[in-house]
Amino acid sequence: MRTSVAILAAGLGTRMRSKQAKVLHRAGGMALIECVVEAARQIAEPGDIVCVTGHQSDQVQALLAPQGLRFARQHEQKGTGHALKCAQEEIAAEDGLLMVLYGDTPLLTAKTLLRLRDTQATSNAAAILITTTLDDPTGYGRVIIDSTGAVTSIVEHKDATPHQRSIRVINSGIYCFRADLLWKHLAEVQPNNASGEYYLTDMAAILQSHGHRVEHMHVDDPSELLGINTRIELAAADRLLRQRKNDALMLSGVTIEHPETVTIDAHVKVGQDTVIEACARLLGSTEIGEDCRIGAGAIIENSRLANRVQIAPYTLMIDSIIEEAAHLGPFSRLRPKSHVGPDAHVGNFVELKNTRLGAGAKSGHLAYLGDAEIGPKSNIGAGTIVCNYDGQRKYATKIGRGSFIGSNSTLVAPLEIGEEAYVGAASVITHDVPGDALALGRAKQVIKEGWVSKRKKK
Ligand code: UD1
Ligand code: MG
């Protein structure tokens, strides 16, 4: 049976106390809405998924546009029932199954959605909703179930009597409807409740009143159904998503020391037998090979590391590429478009920006290398500075294979240093240096014998 999905994501999320729409807040390295869309995409084609947007609609749509979904606008947030109504025109299929998800439940898995769809497809229920049992159900809609197991109604926390509030079985906000029956009766939802909103949850009682059966599918692990309404719940979701990611990596053969301190985004890949030390952060689209070590406190974002790379503690890296068996850190900083070749070494307090370090090249201490291409096996002495910027424009520097740049050199770009060249320590180099040459750009040392005692006598 064809399955369409509507994701409701138009609300501001007042309880977040934020200028940003709730579904754009992030957990596990993704916006909440992206987490829900990722699960939805595994049960339906992108063209059968409609996302209802309202608050910061442009940002939400821009974020999701690459995924090829459809969008509907809810201009005024009049409740979840009204939001779904807004999606109707965009949903191509009038029958089949319609799954409704809320954009603020980021822990939802595709496995649970598949189970819901299969349960619905084999039952004659008009709708099935996912429930769970919470120790503290405050804020959630309570599900009223009769002796036959059918759902007779859902009562929102605000509207519930003290007796109803003692019910701990809650509505997760995930439903699978028979689309024809939903559209036939959705207009019967009325805003006669404490919030004055059109509650989608009223559909349970409405369908039941027309003689249709509404069932529920109970999920035993409530963590998957956590709805994010406050920043405390956001932090809880982030923790759970991080834990889920860490567990998956550890089961695939990655060692993580003190995993509760480590932050790894959802789409990061890590190869077998890599060791990740405490407090490391691996972010964005980072991919790490096998047998690497990522030191404590390292932060690596959108970067690609080959096998056997060693990152010593507190190294920062963004948008960079590191080849096999290179060694970086501690305290190295790689800004965007840095490329470190195989077996190369970048040491403490070395900053690279848009710079390529060839195979086996070394820059061990205290250097700035910007817009530079450094040949294989070169040695960049401590304190070397590439002056790539004259206040208006940036210029390139090229250093040939096997060159030796003495400590504390100042390389004024644009500059080309040939292969196997030497630059004397503390030189200021303003002109190109041919290969095989020695360049000295500093005042000659002068010795004045006995100068000190003569001065004392004066
Ligand atoms: C909702 C359910 C509640 C359930 C809980 C589970 C209703 C009436 N209540 O409550 O039974 O236990 O989720 O997490 O549905 N939205 C819109 N347009 C609107 C209002 C909301 O698109 O006009 C979207 C929001 O962006 C959000 C989702 O719908 O992603 C849920 O809205 P929210 O206000 O968080 O509902 P809850 O109070 O959590
Ligand atoms: Mg909610």
Side-chain angles (χ1 to χ4, degrees), residues 5-16 18 20-25 27 31-37 40 50-57 59-61 64 71-87 100-108 127 129-134 136-144 151 153-160 164-165 167-175 177 186 189-206 214 216 219 222-234 236-237:
V5 180
I7 304 175
L8 310 186
L12 171 65
T14 317
R15 290 163 281 181
M16 293 295 280
S18 175
Q20 192 179 37
K22 173 167 69 179
V23 296
L24 292 172
H25 283 263
L32 300 181
I33 185 69
E34 288 180 290
C35 300
V36 178
V37 168
V50 178
C51 185
V52 182
T53 63
H55 272 284
Q56 290 168 6
S57 183
Q59 285 101 306
V60 178
Q61 293 196 14
L64 299 176
F71 295 102
R73 260 312 252 283
Q74 186 193 24
H75 292 282
E76 230 186 304
Q77 280 64 62
K78 297 189 204 167
T80 46
H82 177 254
L84 184 57
K85 180 81 192 139
C86 295
V100 180
L101 314 177
Y102 291 169
D104 66 350
T105 53
L107 288 133
L108 187 63
L129 57 111
I130 296 183
T131 55
T132 191
T133 304
L134 296 182
D136 177 12
T138 308
Y140 285 91
R142 309 300 206 279
V143 181
I144 317 290
V151 174
S153 66
I154 301 167
V155 186
E156 288 307 299
H157 183 91
K158 278 184 193 166
D159 304 300
Q164 288 167 331
R165 283 187 185 184
I167 295 171
R168 294 193 299 119
V169 179
I170 62 100
N171 169 31
S172 67
I174 300 152
Y175 320 82
F177 290 99
L186 186 58
V189 171
Q190 290 302 316
N192 45 11
N193 51 57
S195 310
E197 289 188 357
Y198 293 84
Y199 286 166
L200 179 59
T201 45
D202 287 353
M203 281 307 294
I206 291 169
V214 176
H216 72 116
V219 168
S223 66
E224 197 187 325
L225 306 173
L226 180 66
I228 310 306
N229 297 313
T230 67
R231 300 208 197 213
I232 294 174
E233 288 159 344
L234 184 70

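Each ligand, and each atom within it, is numbered from 1 in the order the structure gives.
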Ignoring angles and geometry beyond distance, decide whether Ala10 reaches within less than 3.5 Å of ligand 1 through its nitrogen or oxygen atoms. yes
Between ligand 1 and Ser172, can you find any atom pair, the residue atom being a heavy atom, that is separated by under 4.0 Å? yes
Can you list the ligand 1 atoms lying under 4.0 Å from a non-hydrogen atom of Lys78? 23 (O)
Looking at atom 13 (O) of ligand 1, what's its closest protein heavy atom, distance included? Tyr102 CE1, 3.2 Å
To which of Asp202, Val100, Thr80, Leu8 does the heavy atom nearest atom 7 (C) of ligand 1 belong? Thr80
Go through the steps for Lys22 and Asn229 under the test side-chain contact (heavy atoms from CB on, under 4.5 Å), then give the verdict. CA-CA 8 Å; Lys22 173 167 69 179; Asn229 297 313; 3.0 Å; yes
Is there a side-chain contact (heavy atoms from CB on, under 4.5 Å) between Tyr140 and Leu225 once you walk through the steps? CA-CA 11 Å; Tyr140 285 91; Leu225 306 173; over 6 Å; no
Measure the distance from atom 12 (O) of ligand 1 to every protein heavy atom, then report the residue, atom name and distance (to 0.1 Å) of the closest one. Asn171 O, 2.6 Å
Distance-minimising heavy-atom pair for Val23 and Val60: CG2-CG2, 4.1 Å
In terms of residue, atom name and distance, what is the protein heavy atom nearest to atom 33 (P) of ligand 1? Arg15 NH2, 4.0 Å
Between Gly103 and ligand 1, does any nitrogen or oxygen pair lie at a separation below 3.5 Å? yes
Look at atom 26 (O) of ligand 1 and say which protein heavy atom is nearest, naming residue and atom and giving the distance to 0.1 Å. Gly11 N, 2.9 Å
Numbering the atoms of ligand 1 from 1, which are under 4.0 Å from a heavy atom of Tyr199? 8 (C)
Under 4.0 Å, counting heavy atoms only: does Ile170 come that close to any atom of ligand 1? no
Heavy-atom pair of closest approach, residues Ser153 and Ala205: CB-CB, 4.0 Å
Please tell me whether Tyr175 and Asn171 have a donor and an acceptor in their side chains that are separated by less than 3.5 angstrom. yes
Quick one, Leu200 and Val189 - any side-chain contact, counting heavy atoms below 4.5 Å? no
At a threshold of 2.8 Å, where the distance has to be below it, does the Mg ion (ligand 2) have an N, O or S atom of Tyr102 nearby? no
Between Gly141 and ligand 1, does any nitrogen or oxygen pair lie at a separation below 3.5 Å? yes
Closest heavy-atom pair, Ala40 versus Val5, reported as atoms and distance to 0.1 Å, is CB-CG1, 4.1 Å
Is Gly79 in polar range of ligand 1, meaning some N or O pair under 3.5 Å apart? yes
Hey, which N, O or S atom on Asp104 ends up closest to the Mg ion (ligand 2)? OD2
What I want to know is whether Lys22 and ligand 1 share at least one N or O pair that is separated by under 3.5 angstrom. yes
Provide the closest heavy-atom pair for Leu226 versus Ala236 in the form atom of the first, atom of the second, distance. CD2-CB, 4.1 Å
How far is atom 18 (N) of ligand 1 from its nearest protein heavy atom, and which residue and atom name does that atom have? Gln74 OE1, 2.7 Å
Touching ligand 1 at all, Glu76? Heavy atoms, strictly under 4.0 Å? no
What atoms of ligand 1 come closer than 4.0 angstrom to any heavy atom of Ala83? 17 (C), 18 (N), 22 (O)
Ligand 1 atoms in contact with Ala9 (distance to a heavy atom under 4.0 Å): 22 (O), 26 (O)
Among all protein heavy atoms, pick the one closest to atom 11 (O) of ligand 1 and tell me residue, atom and distance. Glu156 OE2, 2.6 Å
After noting the C-alpha distance and the side-chain angles of Arg165 and Arg142, does the key distance pass the side-chain contact (heavy atoms from CB on, under 4.5 Å) rule? CA-CA 7 Å; Arg165 283 187 185 184; Arg142 309 300 206 279; 3.9 Å; yes
Nearest atoms (heavy-atom pairs only) where Met16 meets Leu234: CE-CD2, 4.0 Å
Consider ligand 1: state whether an atom of it lies below 4.0 angstrom from any non-hydrogen atom of Asn229. yes
What verdict does the side-chain contact (heavy atoms from CB on, under 4.5 Å) test give for Val143 and Ile167, after you've listed the backbone C-alpha separation in whole Å, the side-chain angles of each residue and the deciding distance to 0.1 Å? CA-CA 8 Å; Val143 181; Ile167 295 171; 5.9 Å; no
Side-chain contact test, heavy atoms from C-beta onward, threshold under 4.5 Å: evaluate it for Leu24 versus Gln59 and give yes or no. yes
For the residue pair Phe177 and Met203, what are the closest heavy atoms and their distance? CE2-CB, 4.1 Å
For Thr201, the ligand 1 atoms with a heavy-atom partner under 4.0 Å come out as 7 (C), 8 (C), 9 (N), 11 (O), 15 (O)
